[in-house]
Enquirer: 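What follows is a single structure, and I will ask about it in a moment.
Treat the numbers as computed from the prediction; the structure is a model and nothing was measured.
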Amino acid sequence: MGDLPLNINIQEPRWDQSTFLGRARHFFTVTDPRNLLLSGKQLEASRNIVQNYRAGVVTPGLTEDQLWRAKYVYDSAFHPDTGEKVVLIGRMSAQVPMNMTITGCMLTFYRQLGTAYVSATTGAVATALGLKSLTKHLPPLVGRFVPFAAVAAANCINIPLMRQRELQVGIPVTDEAGQRLGHSVTAAKQGIFQVVVSRIGMAIPAMAIPPVIMNTLEKKDFLKRRPWLGAPLQVGLVGFCLVFATPLCCALFPQRSSIHVTRLEPELRAQIQAQNPSIDVVYYNKGL
């Protein structure tokens with residue numbers, strides 16, 4: 001048995017989630033793309049550390065920092081419910097490189113938006129094509145922001161569609177202690193709205209800053225003589241923005257969000273007030 005105490009709550013994030021700074025530190029760790037480079041042996045070692053600690057067995061010589069590092073590595077690669085290893089591109093640590101590639105290519109090849117029909121929703125493409133036609137007679141820089149409108153439209157359409165069951169049957173709401181009180185569609189709508197805002201926020205720096213920089217660089221002789229540098233440079237700029245935008249925008253709203261009982265559906269509100277009249281606020285997981 002090591003010297004590390006067994007009362008460290010690794011079921012919750014390491015930092016205070018009631019503050020933006022605490023949530024930002026948490027998501028900087030969760031979305032760290034370096035976790036994708038870890039070998040299967042390293043992932044298994046982290047899983048063993050976490051599972052042993054939860055079972056009351058401390059790895060000899062383990063420090064608290066090492067425990068938290070193992071917890072975040074474990075969370076980055078394994079499903080929280082099934083314990084199975086998540087496909088590489090589906091992990092939170094893949095958010096930055098995956099979005100960097102997609103967003104960078106959209107910004108680089110925005111003049112060829114017709115091909116986007118095979119990879120984007122009809123609403124997003126319709127938005128992009130419609131705005132593109134409206135910006136034909138405007139400065140080229142304006143046209144560079146068309147992909148951002150497409151991404152914003154895609155998020156507004158895709159996220160509610162992917163979570164449509166939640167909009168039909170609701171999501172679990174609990175009291176402060178985590179005791180389930182019922183399911184709420186109102187809480188689901190609020191959670192989905194928060195996720196949409198976060199996703200659009202993630203896209204703003206990555207799709208607003210690189211176009212301005214590239215618009216300036218493309219007028220310089222350096223890039224004119226080396227046009228092949230345009231695509232990798234733009235993808236790199238997008239990646240740099242996403243490294244910061246992804247965790248910071250994930251942290252905009254608490255993962256465990258709250259809603260006042262008076263805003264819930266009448267049936268659920270009556271049920272909660274009948275069981276425990278002292279409850280004024282309930283909690284739910286907003287999702288990602």
Side-chain angles (χ1 to χ4, degrees), residues 11-32 72 75-76 79-81 90-96 98-99 102-103 121 123-124 127 148-176 178 180-208 241-265 268-269 272 279-288:
Q11 297 297 113
E12 299 293 333
R14 185 176 189 177
W15 298 281
D16 182 6
Q17 297 299 284
S18 66
T19 67
F20 176 76
L21 180 59
R23 296 194 296 271
R25 295 181 71 180
H26 168 69
F27 281 108
F28 264 109
T29 307
V30 168
T31 62
D32 189 345
Y72 275 107
D75 288 349
S76 76
H79 193 280
D81 297 324
R91 300 174 189 173
M92 280 299 292
S93 49
Q95 283 282 310
V96 171
M98 292 297 105
N99 287 335
I102 296 170
T103 303
T121 64
T127 300
F148 169 69
V151 168
N155 280 311
C156 291
I157 296 169
N158 292 343
I159 293 174
L161 281 177
M162 287 178 4
R163 298 176 61 176
Q164 60 182 310
R165 178 166 174 76
E166 296 178 13
L167 294 173
Q168 295 169 350
V169 301
I171 57 175
V173 293
T174 68
D175 59 18
E176 191 171 8
R180 184 171 295 191
L181 301 171
H183 286 72
S184 170
V185 171
T186 303
K189 291 178 180 177
Q190 180 170 297
I192 290 171
F193 173 77
Q194 291 172 339
V195 172
V196 169
V197 170
S198 295
R199 292 294 183 91
I200 294 176
M202 288 179 203
I204 290 175
M207 303 194 81
C241 293
L242 285 173
V243 164
F244 297 95
T246 299
L248 291 176
C249 289
C250 281
L252 286 175
F253 304 99
Q255 190 64 39
R256 189 186 186 219
S257 293
S258 61
I259 185 171
H260 203 277
V261 172
T262 57
R263 295 183 55 195
L264 297 175
E265 300 88 327
L268 179 59
R269 180 170 66 240
I272 293 173
I279 295 179
D280 294 320
V281 175
V282 295
Y283 302 87
Y284 63 91
N285 188 329
K286 71 176 177 66
L288 289 172

Enquirer: Hey, does Ile259 have a side-chain heavy atom less than 4.5 Å from the side chain of Tyr283?
Expert: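 No - every pair of side-chain heavy atoms lies 4.5 Å or more apart.
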
Enquirer: Could you give me the CA-CA distance, side-chain angles and deciding distance for Tyr72 and Asp32, then say whether side-chain contact (heavy atoms from CB on, under 4.5 Å) is met?
Expert: CA-CA 10 Å; Tyr72 275 107; Asp32 189 345; over 6 Å; no

Enquirer: Counting C-beta onward and ignoring hydrogens, is there a side-chain heavy-atom pair between Asp75 and Val30 closer than 4.5 Å?
Expert: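 A side-chain contact is absent here, since even the closest heavy-atom pair is not under 4.5 Å.
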
Enquirer: Can you tell if the side chain of Arg23 reaches within under 4.5 Å of the side chain of Pro254, non-hydrogen atoms only?
Expert: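 Touching, per the 4.5 Å side-chain cut-off.
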
Enquirer: Determine whether more than 12 heavy atoms belonging to other residues, nucleotides or ligands lie under 6.0 Å from atom CZ of Phe193.
Expert: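 No, the 6.0 Å shell around CZ holds no more than 12 heavy atoms from other groups.
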
Enquirer: Taking Asn285's backbone N and O only, do any of them form a donor-acceptor pair with Gln255's side chain (distance below 3.5 Å, no angle check)?
Expert: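 Looks like no, no N/O pair under 3.5 Å.
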
Enquirer: Tell me whether Glu166 contacts the main-chain N or O of Val185 through its side chain, where contact means a donor paired with an acceptor under 3.5 Å.
Expert: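 Side chain of Glu166 to backbone of Val185, a donor-acceptor pair under 3.5 Å: no, none is there.
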
Enquirer: Measuring from Thr186:OG1 to Glu265:CD, what's the distance to the nearest 0.5 Å?
Expert: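 Nearest 0.5 Å value for the OG1-CD distance: 3.5 Å.
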
Enquirer: So which atom in Gln190 and which in Tyr284 form the shortest heavy-atom distance, rounded to 0.1 Å?
Expert: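 Heavy-atom minimum between the residues: NE2-OH, 2.7 Å.
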
Enquirer: Return a table of donor-acceptor pairs under 3.5 angstrom between the side chains of residues 167-174 and protein atoms on other chains or two or more places apart.
Expert:
none

Enquirer: Are side-chain heavy atoms of Phe20 and Leu248 found at a separation under 4.5 Å?
Expert: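 Yes, close enough: below the 4.5 Å cut-off.
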
Enquirer: What's the spacing between Lys286 NZ and Cys250 SG if we round to 0.5 Å?
Expert: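 If we round to the nearest 0.5 Å, Lys286:NZ and Cys250:SG are 6.0 Å apart.
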
Enquirer: Measure the shortest side-chain to side-chain distance between Gln17 and His26 over non-hydrogen atoms and say whether it is less than 4.5 angstrom.
Expert: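 Yes, their side chains come closer than 4.5 Å.
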
Enquirer: Which heavy atom of Ala251 sits nearest to which heavy atom of Ala24, and what is that distance?
Expert: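 Scanning both residues completely, I find the closest heavy atoms to be CB-N, 3.4 Å.
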
Enquirer: Under 3.5 Å, sequence neighbours excluded: what are the donor-acceptor pairs made by side chains of residues 194-205?
Expert:
{"residue": "Gln194", "atom": "OE1", "partner": "Ser257", "partner atom": "OG", "Å": "3.2"}
{"residue": "Ser198", "atom": "OG", "partner": "Gln194", "partner atom": "O", "Å": "3.0"}
{"residue": "Ser198", "atom": "OG", "partner": "Cys249", "partner atom": "O", "Å": "3.1"}
{"residue": "Arg199", "atom": "NE", "partner": "Leu288", "partner atom": "O", "Å": "3.2"}
{"residue": "Arg199", "atom": "NH2", "partner": "Leu288", "partner atom": "O", "Å": "2.6"}

Enquirer: How close do Leu268 and Gly182 get, heavy atom to heavy atom, and via which atoms?
Expert: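 Minimum heavy-atom contact is CD1-CA, 4.0 Å.
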
Enquirer: Check whether any side-chain heavy atom of Leu181 sits under 4.5 Å from a side-chain heavy atom of Ile279, and report yes or no.
Expert: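 Touching, per the 4.5 Å side-chain cut-off.
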
